[in-house]
Each structure stands twice: as structure tokens, then as C-alpha cells.
Amino acid sequence: MTPSPVSSTPILRRTLILSAVAAAVLALIAAGIGFAVAGTDGLWSGLIGVLLSFIFLGITAGSILFANRWFGDPLYVQLFFAIVLGGWLVKLGLFVVLMLVLREQPWIDPLVFFLALVAGIAMTLVVDVIVLTKMRLPNVSDIDLPTTNPEDDGDDAQGAPGAPKQPGDI
């Protein structure tokens with residue numbers, strides 16, 4: 001597989017990998033604390049809260065990675081924003097549906113679920129900051145610089161475009 005020419009691709013991949021590892025650790029912690037506080041209901045609430053926070057992060061990063069496959073296509077910008085916006089709409093719809101379904105479940109402890117969801121969101125933000133501060137990305141990326149100086153392409157005659165100026169010329 002050839003590397004992607006889009007400079008955000010390695011950053012998003014690294015974010016997804018580190019977030020998955022951090023979410024697994026946080027899920028164990030949330031499940032343990034949830035079990036200690038509210039029994040098996042707290043255990044499942046903690047696991048689901050962390051899992052949902054990772055899924056919502058994954059939808060955004062995954063949609064951007066998916067959209068980057070069309071880099072170089074004449075319709076890349078339109079496709080990119082359509083895919084990313086579609087991912088956000090899916091995320092919003094999924095969130096509303098899941099909250100409506102999960103609020104009626106007797107095995108969800110609302111406090112443990114909420115705190116696990118907030119901890120998962122905070123974890124993804126911390127991972128994003130760590131990845132972005134550690135990755136080396138130039139200020140100007142995805143650009144081809146010229147190999148010759150356009151001012152050197154003129155005639156040598158005095159006064160011709162691109163000709164070097166003589167001392168005293170204004």
C-alpha cells in the first residue's frame with residue numbers, strides 16, 4: 001500500500017491507535033470503579049460509557065481517513081466535506097437514539113454511565129493533544145515547491161523582463 005499524500009493521515013491513524021489503547025485501559029478502570037460503586041449495573045455502565053466515547057471519536061477520525069482516499073480528485077473538497085458532514089450527522093443521530101434507548105434500561109447506572117462517558121471524552125482530548133504535539137507536521141504541507149526561480153527565466157538584454165537591474169536603475 002502506498003503512503004497517503006495527505007499529511008493528516010498518519011496523525012489520524014496514530015490518534016485512533018492510541019485512543020483504542022487508552023480506551024481499553026479506561027474501560028477496565030471504569031468497569032472496576034463502576035462495579036465497586038454500583039455492582040454489575042455499574043460495571044456495564046462504565047464499559048458502555050467508555051465504549052461510546054471511543055465510537056464517537058472513531059466516527060469522526062474514520063470519516064476523515066475515508067475521505068482522504070479521494071485526495072487529488074477534482075471533486076476532493078466536495079467529497080471530503082460531504083463524507084465528514086455525513087459522519088457527523090450519523091454520530092448525532094446515533095447519539096440521540098442511543099441516549100433514548102439507554103435511559104430506559106434498568107441495568108444502566110446513570111451516574112456511572114455519565115462519568116465514564118465524560119472520562120472517555122476527556123481521554124480522547126488528551127490523546128489528541130499528545131499526538132498533535134508529538135507529530136512533526138510542517139506549517140505548509142501537501143504542496144509542491146518550484147524547482148527553479150521564475151525571475152531567472154528572462155532574457156539577458158538590459159530592460160527585458162527578468163534581466164538583472166543595473167546599479168542606479170530605479
Query raised in the report: Is it the case that more than 12 heavy atoms not belonging to W88 sit under 6.0 Å from its CH2 atom?
Result: no

Report task. Ignoring hydrogens and angles, tell me if any N or O in the side chain of Q105 forms a donor-acceptor pair with the backbone of V101 under 3.5 Å. Result -> yes

Query - Shortest non-hydrogen contact from S63 toward I83 - result: O-CG2, 3.5 Å

Query raised in the report: How long is the span from the CG atom in L12 to the CD1 atom in I17, to the nearest 0.5 Å?
Result: 11.0 Å

Query raised in the report: Quick one: does L47's side chain get under 4.5 Å of W44's, heavy atoms only?
Result: yes

Query raised in the report: At their closest point, which heavy atom of M123 faces which heavy atom of S19, and how far apart are they?
Result: SD-O, 4.0 Å

Report task. Please answer: with hydrophobic residues joined when any side-chain heavy atoms are less than 4.5 Å apart, are V118 and V112 in the same cluster? Result -> no

Requested in this report: Treating Ile, Leu, Val, Met, Phe, Trp and Tyr as nodes and any side-chain heavy-atom pair under 4.5 angstrom as an edge, say whether W107 and F35 lie in one connected cluster.
Outcome: yes

Report task. Check the pair M99 / L52 against side chain to side chain contact (heavy atoms under 4.5 Å, CB included), numbers first and verdict last. Result -> CA-CA 10 Å; M99 292 305 112; L52 288 180; 3.9 Å; yes

Please tabulate, for the side chains in residues 71-82, all donor-acceptor contacts under 3.5 angstrom to protein atoms that are two or more places apart in sequence or on a different chain.
| from | atom 1 | to | atom 2 | distance (Å) |
| --- | --- | --- | --- | --- |
| D73 | OD1 | L75 | N | 2.8 |
| Y76 | OH | N68 | OD1 | 2.8 |

Query - Nearest-0.5 Å distance, CG of residue L115 to CG of residue D109 - result: 9.0 Å

Query raised in the report: How many angstroms lie between CD1 in I33 and CG in L43, if you round to the nearest 0.5 Å?
Result: 11.5 Å

Requested in this report: Would you please test L16 and L65 for side chain to side chain contact (heavy atoms under 4.5 Å, CB included) and show each step?
Outcome: CA-CA 10 Å; L16 282 174; L65 283 171; 3.7 Å; yes

Requested in this report: Evaluate side chain to side chain contact (heavy atoms under 4.5 Å, CB included) for F114 paired with I108, printing each intermediate quantity in order.
Outcome: CA-CA 10 Å; F114 173 74; I108 290 287; over 6 Å; no

Taking distance alone, no hydrogens or angles, what donor-acceptor pairs closer than 3.5 Å link side-chain atoms of residues 124-132 to residues at least two apart or in another chain?
| from | atom 1 | to | atom 2 | distance (Å) |
| --- | --- | --- | --- | --- |
| T124 | OG1 | I121 | O | 2.7 |

Report summary line: In V84, I64, L94, L92, the residue satisfying side-chain contact (heavy atoms from CB on, under 4.5 Å) with I59 is L94

Report task. Can you measure from OG1 (T9) to CZ (R14) and round to the nearest 0.5 angstrom? Result -> 15.0 Å

**Report entry** Gap separating the CZ atom of F95 from the CG atom of L117, nearest 0.5 angstrom
**Finding:** 6.5 Å

Report task. Look at the side-chain heavy atoms of Ile, Leu, Val, Met, Phe, Trp and Tyr, link any pair under 4.5 Å apart, and say whether V50 and I55 land in one connected group. Result -> no

Report task. Write down the atom of A30, the atom of G46, and the distance for their closest heavy-atom approach. Result -> CB-O, 3.8 Å

Query - S45 side-chain N/O to F113 backbone N/O, donor-acceptor pair under 3.5 Å - result: no

